Protein chains: 2
Amino acid sequence: MGTTQLDTVQEPKYWHLKTVLSDALDSEFAVGEILPNERDLAARFGVARATLRQALEQLELEGRLQRRRGVGTTVAPPRMGVPVADRSGHSWPGAPGDAWQPVDAVAVDGGAVPAAVAEALGTGAGDSLHVVRRTRVDHGQPVAAELLYVPAGSVPGLVADATIGPVARARAVLHELQRLALDGEERAVELGSARAEDAKQLDRLPGAPVLVVTTRYVTGGRTTAVAVSTYRADTCRLTFGDHDTLDVLPG
Amino acid sequence: MGTTQLDTVQEPKYWHLKTVLSDALDSEFAVGEILPNERDLAARFGVARATLRQALEQLELEGRLQRRRGVGTTVAPPRMGVPVADRSGHSWPGAPGDAWQPVDAVAVDGGAVPAAVAEALGTGAGDSLHVVRRTRVDHGQPVAAELLYVPAGSVPGLVADATIGPVARARAVLHELQRLALDGEERAVELGSARAEDAKQLDRLPGAPVLVVTTRYVTGGRTTAVAVSTYRADTCRLTFGDHDTLDVLPG
DNA sequence: CAGTGGTCTAGACCACTGC
DNA sequence: CAGTGGTCTAGACCACTGG
């Protein structure tokens with residue numbers, strides 16, 4: 001008869017391991033509980049530590065685990081729903097009630113902004129822009145960092161007061177935006193990896209997966225401002241709409 | 001004087017490598033061009049292959065590279081903008097002009113659907129649901145796979161004809177949906193990893209990063225259907241709004 | 001068939017956390 | 001300080017693609 005085994009598919013070890021661990025998380029561990037360390041887990045499953053880590057990486061990507069250097073691996077709570085836009089969705093950043101906190105603002109030259117932002121705004125080298133940094137904290141932990149690009153021409157009423165602090169400057173730019181009409185917002189979501197600067201704000205390591213939301217604010221057919229917001233992909237579920245009730249992940 | 005070097009941060013090798021490669025991609029390679037193989041690249045940069053691969057993984061995650069087993073690593077084109085919802089956004093799946101192709105449909109028991117879907121729909125074991133599989137192809141390549149869950153109670157007019165084929169059954173379910181009123185849609189976007197089944201449809205390996213879009217279709221305050229769509233995270237930029245012009249990634 | 005990327009190993013050292 | 005996860009190495013073998 002020869003070999004009766006049907007090894008047709010040849011599942012990778014780390015993939016099978018991930019499944020086993022995932023089931024174990026569901027049945028044998030509580031949220032926040034700390035797992036055995038990687039060396040012990042690898043030994044227990046009879047695999048190399050690198051293979052075990054490949055499985056853990058997957059589970060962390062799916063938001064099931066949280067790993068912290070020097071501490072350990074813990075079971076993550078379900079992802080939090082983070083409202084990005086409600087259907088009405090017509091309000092400037094900094095409008096009353098938005099979830100963001102201004103950090104600071106600096107004036108930069110048009111040549112120093114990402115190419116795609118410059119293209120959207122129609123700016124180039126020689127133009128002056130305000131860059132407002134903002135941060136977002138939900139349920140007590142930082143979930144997103146943002147860079148808001150506002151061409152100086154979009155906020156002509158802004159007084160150039162060099163004596164005020166960086167936070168006040170950020171507030172001033174946001175305040176000026178509210179005076180403008182807003183015809184609409186246009187968003188795009190894509191996967192990215194955290195830059196060193198963002199990573200620090202988000203309390204993650206550089207390169208951590210993030211959801212990058214790019215928002216174009218449109219007035220009279222022209223783009224008045226562009227926001228690039230990076231959300232922690234491991235802990236956030238971005239919601240579009242009014243409600244906030246639905247968590248699904250079939251992986 | 002001792003050590004004058006300011007190694008304050010200690011950048012990981014793979015991170016630095018990623019930066020170098022990213023710059024090289026911008027300046028020295030054209031879209032579609034094939035890179036040297038991993039062993040050569042690793043040798044050229046004086047690192048182990050595993051380290052080189054860690055850098056390549058990052059770049060693939062950011063949509064800069066495309067790797068295919070047995071073929072090689074190529075420079076990826078910019079991510080394509082994939083419209084997920086326009087602002088009007090009030091139409092059932094299967095409405096004329098939508099980008100999806102029905103694959104098949106099966107009837108399942110309420111106990112066999114993901115817990116989160118069951119919760120949203122208010123179904124449980126014993127209830128009957130239609131599950132419609134759909135696929136989405138943009139610019140000539142598959143970008144997304146979808147499972148659409150429709151409680152049998154939502155489409156009472158559906159004739160139970162066992163003689164028709166699976167594709168026709170999918171079309172029939174979609175056709176019945178159009179007869180219902182639709183008050184609104186509610187979406188959530190999160191990061192996931194491709195299940196084996198999805199991976200095959202998307203022409204990727206299992207575990208590949210995907211953007212999971214969960215859509216609740218609401219009629220009269222009740223959820224009439226739930227769609228779980230998984231988009232290739234490496235090649236797609238999900239757009240919300242009417243236009244489709246803006247690509248940004250600051251990583 | 002040769003060449004590619006994908007998986008896996010066993011071991012080492014480093015950076016960070018908390019006691 | 002001991003213990004954790006993060007990085008890195010050198011090598012092996014496998015699965016897949018294309019000529």
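Naming convention: chains lettered A, B, ... in sequence-line order (proteins, then strands); numbering from 1 in each chain. These numbers were taken from a predicted model, which means no experiment stands behind them.
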Measure from [atom1] on [X] to [atom2] on [N] and round the result to the nearest Å.
X: B/E60; N: C/dG6; atom1: CD; atom2: C1'; value: 11 Å
X: A/L205; N: D/dG5; atom1: CG; atom2: P; value: 13 Å
X: B/N37; N: C/dG6; atom1: CG; atom2: C1'; value: 14 Å
X: B/Q66; N: C/dG5; atom1: CD; atom2: C1'; value: 13 Å
X: A/L17; N: C/dT7; atom1: CG; atom2: C1'; value: 13 Å
X: A/F45; N: C/dC8; atom1: CZ; atom2: P; value: 14 Å
X: A/D40; N: D/dG5; atom1: CG; atom2: C1'; value: 13 Å
X: B/K200; N: D/dC16; atom1: NZ; atom2: C1'; value: 15 Å

Does A/R68 or B/R69 map to a spot on DNA chain C nearer the 5' end, using the closest nucleotide for each?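 Here B/R69 is the residue nearer the 5' end.
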Looking at [X] and [Y], does any basic side-chain N land under 4.0 Å from a carboxylate oxygen?
X: B/D234; Y: B/R204; answer: yes
X: B/E197; Y: B/R195; answer: yes
X: B/D198; Y: B/R232; answer: no

For D/dC16, give its Watson-Crick or G-U wobble partner with both distances under 3.5 Å, or none. C/dG3
Write down the partner of C/dT9 under the Watson-Crick or G-U wobble criteria, each distance required to be under 3.5 Å.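 Matched C/dT9 with D/dA10 under the 3.5 Å cut-off.
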Between B/R53 and B/Y14, does any side-chain donor sit less than 3.5 Å from a side-chain acceptor? no
Which part of the nucleic acid, if any, lies within contact of B/L56, taking any heavy atom under 4.0 Å across all strands shown: a base, the sugar-phosphate backbone alone, or nothing?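 Here B/L56 touches no strand at all.
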Could you list the protein-to-nucleotides 9-12 of chain C atom pairs, N/O on both sides, closer than 3.5 Å?
| from | atom 1 | to | atom 2 | distance (Å) |
| --- | --- | --- | --- | --- |
| C/dT9 | OP1 | A/K13 | NZ | 2.9 |
| C/dT9 | OP2 | A/A48 | N | 2.8 |
| C/dT9 | OP2 | A/T51 | OG1 | 2.4 |

Are A/V212 and A/S229 close enough that some pair of their side-chain heavy atoms sits under 4.5 Å apart?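 Answer no - side chains too far apart.
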Can you tell me if the side-chain N/O atoms of B/Y14 get under 4.0 Å from OP1 or OP2 in D/dC8? no
Ignoring backbone atoms, establish whether B/T73 has a side-chain N or O less than 4.0 Å from OP1 or OP2 of C/dT4. no
In terms of heavy-atom contacts, does CG of B/D203 have more than 12 from other residues, nucleotides or ligands at under 6.0 Å? no
Shortest non-hydrogen contact between B/C236 and B/L211, atoms and distance: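 Answer, listing the atom of B/C236 first, then B/L211: O-CD1, 4.4 Å.
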